[in-house]
Amino acid sequence: MSPTSLLTTLLVAAASVRLAAAASAQVFSPPGKGPLKQTANYTSFSNSTLHDHKVVKGKAFDRIIQIWLENTDFEVAASSPMFESLSEQGITFTNFHSTTHPSEPNYIASAGGDFFGAADDNMYHIPSNISCVVDLLEDRGVSWATYQENMPTDSFYGYSYTQPNYINSSAAPYIYYYRKHNPLIIYDAVSQDPERVKRVRTFNDFANDVVNGTLPQWMFITPNMVNDAHDTTIDFAADFLEYWLLPLLTDPRVNGERTLILLTFDENESFGVQNTIYAVALGTAVPVNLRGTTDDTVYSHYSTLSTVQNNWDLKSLGRQDTNASIASVFDFVAKQTGHKNTPAAPNQVPHFNLTGVASGPLSSAHYVPFAAPNVNAKGAGKGGVFLRPGINLKLTADKLPAPVNLTALNTTTPWQMSPETTSGKKMIKCQGAACP
Ligand SMILES: *[C@@H]1O[C@H](CO)[C@@H](O)[C@H](O)[C@H]1NC(C)=O
Ligand SMILES: *[C@@H]1O[C@H](CO)[C@@H](O)[C@H](O)[C@H]1NC(C)=O
Ligand SMILES: *[C@@H]1O[C@H](CO)[C@@H](O)[C@H](O)[C@H]1NC(C)=O
Ligand SMILES: *[C@@H]1O[C@H](CO)[C@@H](O)[C@H](O)[C@H]1NC(C)=O
Ligand SMILES: *[C@@H]1O[C@H](CO)[C@@H](O)[C@H](O)[C@H]1NC(C)=O
Ligand SMILES: *[C@@H]1O[C@H](CO)[C@@H](O)[C@H](O)[C@H]1NC(C)=O
Ligand SMILES: *[C@@H]1O[C@H](CO)[C@@H](O)[C@H](O)[C@H]1NC(C)=O
Ligand SMILES: *[C@@H]1O[C@H](CO)[C@@H](O)[C@H](O)[C@H]1NC(C)=O
Ligand SMILES: *[C@@H]1O[C@H](CO)[C@@H](O)[C@H](O)[C@H]1NC(C)=O
């Protein structure tokens with residue numbers, strides 16, 4: 001084939017790929033009759049409600065609802081009419097960073113204060129001696145749950161779930177749910193604890209918990225793979241927010257007194273630029289005089305952890321949640337609690353867009369074992385660093401062995417599982433010299 005005809009062939013092929021993509025572009029369809037009505041499109045109906053009636057007073061808010069969308073650059077979100085309108089009702093953080101690429105490490109970081117070297121969306125679990133935010137919340141009696149749209153049952157352990165396509169019933173079955181967007185199930189401290197794992201809940205449970213008045217105080221909410229813009233566009237996500245979030249913003253059972261709603265994204269779509277994401281603080285806890293304003297403090301996903309610790313005077317995890325340069329407490333909260341932030345200077349903000357270069361226990365190419373938390377770290381709350389049973393405090397970060405390339409030894413990190421794994425008991429055994 002001549003270079004010209006090869007080029008023509010490639011151009012035609014590229015054009016037909018684009019056409020195919022355009023033809024299959026999905027259009028938002030509501031999964032049910034509103035956010036507070038259970039629907040068969042979510043696979044199983046709720047069997048239970050939580051019983052969280054006790055409210056532990058926070059200094060700036062009594063409830064936090066985190067909602068994560070997917071893979072969108074700051075400017076793209078900020079220029080969408082839906083997000084412009086949400087920004088008018090809240091504080092837009094213009095210097096908020098994801099920690100890395102791709103998705104899963106960011107979700108892991110949101111719960112554990114580190115992404116532990118993860119650099120892909122594989123199936124991992126984190127051993128039960130490693131603490132996460134749930135330990136801090138329970139330590140002070142703050143109730144919590146995560147709600148995952150289209151997760152088929154409570155406590156679901158699997159890698160993903162394929163179900164009938166509810167948007168187009170003649171199309172092939174669709175994967176609406178992925179574990180990689182469900183941070184708490186990845187921590188054995190949650191998944192292997194029969195009481196805790198019940199709090200990994202579905203959107204039908206959410207409807208049930210709201211209607212019964214038993215929503216907890218700390219929530220992490222993951223919309224499905226189309227509604228969060230992952231497989232679709234920001235306009236699709238905007239339609240979802242109109243269906244799901246807008247009615248809840250005016251519902252006192254959700255956005256009641258002293259409620260903070262943080263709507264953000266896991267990561268920037270463009271890997272080649274600094275990983276800045278749109279984030280807006282909404283809800284009744286946002287002071288009226290700050291609504292419609294922006295805040296350009298340097299924040300990262302670790303800031304949400306430190307803000308929660310500061311608000312309820314929780315212990316810390318002793319990881320990046322205590323790294324003052326990248327884990328500033330949200331300014332409007334810090335002003336109310338008297339906390340002093342020391343954020344990185346704009347020219348010293350690390351590049352959060354690097355993939356696959358961090359060593360850690362969830363990296364096969366740069367494997368090092370889990371380290372104990374830094375027990376001397378000073379968090380934004382009170383009472384020191386939380387330690388889980390089974391943690392070996394002698395394994396401090398500076399005593400770990402040099403990173404090993406397990407990929408070159410034809411094995412993976414021991415914390416990786418086969419995507420066929422459906423329960424916490426059937427874990428893939430580590431094979432190789434570096435296994436613990
Ligand atoms: C499932 O979603 C589709 C698409 O929006 C909708 O037509 C259908 O009524 C929904 N099913 C139920 C039970 O709500
Ligand atoms: C409360 O939850 C139960 C299930 O535990 C459910 O049957 C009931 O319908 C809910 N209450 C209301 C008012 O919807
Ligand atoms: C409710 O219980 C039934 C029967 O055990 C189960 O099939 C269903 O998945 C449960 N619902 C949820 C949301 O887990
Ligand atoms: C629904 O799916 C079928 C099968 O893939 C496809 O031919 C059709 O164009 C789709 N409909 C819409 C509205 O996208
Ligand atoms: C990260 O972003 C910076 C600044 O935009 C850019 O110079 C750099 O090339 C990016 N790095 C990667 C690995 O994409
Ligand atoms: C805190 O974060 C900065 C920026 O990423 C990093 O250079 C520094 O090593 C971190 N400190 C600790 C103790 O991890
Ligand atoms: C954590 O537990 C795992 C599994 O039991 C063990 O291999 C590891 O050494 C422990 N790490 C620390 C830091 O305690
Ligand atoms: C690890 O080993 C694999 C397979 O040999 C190789 O492709 C990769 O570049 C290595 N990574 C590092 C960081 O050495
Ligand atoms: C890894 O597997 C490759 C291909 O099967 C083989 O050539 C190589 O010798 C193996 N390396 C080790 C360290 O076992």
Side-chain angles (χ1 to χ4, degrees), residues 71-76 94-103 105-106 108-110 112-120 122 130-131 265-278 297-306 309 316-329 341-368 370-380 384-385 395-414 416 430-435:
N71 298 7
T72 303
D73 291 336
F74 181 90
E75 285 83 352
V76 173
T94 56
N95 209 349
F96 196 108
H97 300 265
S98 285
T99 54
T100 183
H101 288 296
S103 290
N106 287 298
I108 289 173
S110 76
D114 201 336
F115 57 92
F116 302 112
D120 53 41
N122 291 339
I130 303 302
S131 57
F265 291 80
D266 69 328
E267 57 178 329
N268 197 321
E269 174 83 341
S270 307
F271 284 34
V273 292
Q274 177 61 295
N275 206 344
T276 310
I277 46 172
Y278 172 93
T297 313
V298 172
Y299 297 121
S300 72
H301 287 315
Y302 302 128
S303 300
T304 314
L305 283 170
S306 70
Q309 293 165 16
S316 79
L317 298 168
R319 302 193 191 99
Q320 296 302 308
D321 56 318
T322 60
N323 189 333
S325 66
I326 53 172
S328 282
V329 170
N341 281 324
T342 49
N347 63 349
Q348 279 165 5
V349 179
H351 276 154
F352 286 113
N353 56 340
L354 308 175
T355 315
V357 293
S359 56
L362 303 187
S363 168
S364 294
H366 305 260
Y367 174 78
V368 292
F370 280 98
N374 172 9
V375 293
N376 301 316
K378 181 131 181 43
V385 174
L395 287 175
T396 51
D398 58 324
K399 300 229 172 59
L400 295 177
V404 178
N405 187 345
L406 295 179
T407 312
L409 299 172
N410 292 340
T411 185
T412 67
T413 153
Q416 187 173 325
C430 175
Q431 295 148 348
C435 293

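Numbers for residues simply follow the sequence, beginning at 1. Indexing begins at 1, ligand by ligand and atom by atom, following the structure's order.
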(message) Holding to side chain to side chain contact (heavy atoms under 4.5 Å, CB included), I want the full list of residues that pass it with S364, two or more places apart in sequence or in another chain.
(response) T407, T412, T413, Q416
(message) Just verifying a value: how many Å separate D266 CG and N275 CG, rounded to the nearest 0.5 Å?
(response) 8.5 Å
(request) Apply side-chain hydrogen bond (donor to acceptor under 3.5 Å, both in side chains) to T99 and list each qualifying residue two or more places apart in sequence or on a separate chain. (result) N106
Between ligand 6 and the protein, find all N/O pairs closer than 3.5 Å and give the distance for each.
unit_1: ligand 6; atom_1: 2 (O); unit_2: N323; atom_2: OD1; d: 3.4
unit_1: ligand 6; atom_1: 2 (O); unit_2: N323; atom_2: ND2; d: 2.3
unit_1: ligand 6; atom_1: 11 (N); unit_2: N323; atom_2: ND2; d: 2.9
unit_1: ligand 6; atom_1: 14 (O); unit_2: Q320; atom_2: NE2; d: 2.9

(message) I need the atoms of ligand 5 closer than 4.0 Å to a non-hydrogen atom of Q274, numbered in the order shown.
(response) 2 (O), 4 (C), 5 (O)
(request) Below 4.0 angstrom from a heavy atom of H366, which ligand 8 atoms are there? Numbered from 1 as shown, please. (result) 13 (C)
(request) Report yes if some heavy atom in the side chain of L305 is under 4.5 Å from a heavy atom in the side chain of Q320; otherwise report no. (result) no
(message) Closer than 4.0 Å to some heavy atom of N405 - which atoms of ligand 8 meet that?
(response) 1 (C), 2 (O), 3 (C), 8 (C), 10 (C), 11 (N), 12 (C), 14 (O)
(message) Side chains of N353 and H101, heavy atoms from C-beta outward: is any pair under 4.5 Å?
(response) yes
(request) Can you sort out the partners of D398 under side-chain hydrogen bond (donor to acceptor under 3.5 Å, both in side chains), two or more places apart, ordered by chain and number? (result) T396
(request) Give the ring-plane orientation class for F352 versus H97, where under 30° counts as parallel, over 60° as perpendicular and anything between as tilted. (result) tilted
